[in-house]
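Inspection log for the structure reproduced underneath, given as structure tokens.
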Amino acid sequence: QVQLVESGGGLVQAGGSLRLSCAASGRTFSSYAMGWFRQAPGKEREIVAAITWNGGTRYYADSVKGRFTISRDNAKNTVYLQMNSLKPDDTAVYYCAARSTSWSLDVGVSGYNYWGQGTQVTVSS
């Protein structure tokens with residue numbers, strides 16, 4: 001089992017940047033692929049980005065390509081989401097998630113075994 005704790009959310013103006021972090025504890029962090037999801041009020045939870053255990057493969061939703069970057073530091077048991085050029089549509093609760101199948105990615109919520117509690121990101125216009 002792995003426990004995930006997100007941090008780094010907050011309020012930012014459009015065009016600004018934030019860096020989210022997700023610290024993992026428990027079983028070996030490198031045993032998991034990791035994903036970032038978000039959920040806006042009244043909407044379903046959606047994938048933002050994902051990364052395999054060694055960072056060799058990364059996925060980005062079309063809506064964030066070129067603006068967001070996912071990375072991980074297995075020595076620090078942490079996955080990051082660097083968010084640049086933020087837009088009001090990026091406003092949501094952001095969740096990190098761990099997937100036991102470490103070498104492949106999944107864009108669906110059901111593909112992930114463990115979830116953090118979420119961190120709020122609000123982008124003002």
Quick one: does any side-chain atom of [X] pair with a main-chain N or O of [Y] as donor and acceptor, under 3.5 Å?
{"X": "Arg38", "Y": "Val121", "answer": "no"}
{"X": "Arg45", "Y": "Phe37", "answer": "no"}
{"X": "Arg72", "Y": "Trp53", "answer": "yes"}
{"X": "Tyr112", "Y": "Cys96", "answer": "no"}
{"X": "Tyr60", "Y": "Arg67", "answer": "no"}

Which atom of [X] lies closest to which atom of [Y], heavy atoms considered:
{"X": "Gly116", "Y": "Tyr95", "answer": "O-CD2, 3.6 Å"}
{"X": "Ala14", "Y": "Ser125", "answer": "CB-CA, 4.4 Å"}
{"X": "Ala33", "Y": "Leu105", "answer": "CB-CD2, 4.2 Å"}
{"X": "Leu81", "Y": "Ala49", "answer": "CD1-CB, 4.2 Å"}
{"X": "Thr78", "Y": "Lys76", "answer": "OG1-O, 2.8 Å"}
{"X": "Gln120", "Y": "Thr91", "answer": "NE2-CG2, 4.0 Å"}

Give a yes or no on whether [X] and [Y] share a hydrophobic cluster (residues Ile, Leu, Val, Met, Phe, Trp, Tyr; joining criterion: side-chain heavy atoms under 4.5 Å apart).
{"X": "Trp115", "Y": "Tyr80", "result": "no"}
{"X": "Phe68", "Y": "Ile51", "result": "yes"}
{"X": "Leu4", "Y": "Ile47", "result": "no"}

Ignoring hydrogens and geometry beyond distance, is a side-chain donor-acceptor pair present between Ser104 and Arg99 at under 3.5 Å?
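Result is yes, a qualifying pair exists.
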Side chains of [X] and [Y], heavy atoms from C-beta outward: is any pair under 4.5 Å?
{"X": "Leu20", "Y": "Glu6", "result": "no"}
{"X": "Met83", "Y": "Val12", "result": "no"}
{"X": "Ser21", "Y": "Ser7", "result": "yes"}
{"X": "Leu86", "Y": "Gln13", "result": "no"}
{"X": "Tyr114", "Y": "Tyr32", "result": "yes"}
{"X": "Phe29", "Y": "Val2", "result": "no"}
{"X": "Thr52", "Y": "Trp103", "result": "no"}

Report the distance from atom [atom1] of [X] to atom [atom2] of [Y], rounding to the nearest 0.5 Å.
{"X": "Asn84", "Y": "Thr69", "atom1": "CG", "atom2": "OG1", "result": "6.5 Å"}
{"X": "Glu46", "Y": "Trp36", "atom1": "CD", "atom2": "CH2", "result": "14.5 Å"}
{"X": "Asp73", "Y": "Ser30", "atom1": "CG", "atom2": "OG", "result": "11.5 Å"}
{"X": "Met34", "Y": "Ser102", "atom1": "CE", "atom2": "OG", "result": "12.0 Å"}

Apply salt bridge (Lys or Arg N to Asp or Glu O under 4.0 Å) to the pair Asp90 and Lys87, showing each step before the final yes or no.
CA-CA 5 Å; Asp90 295 319; Lys87 306 174 181 179; over 6 Å; no
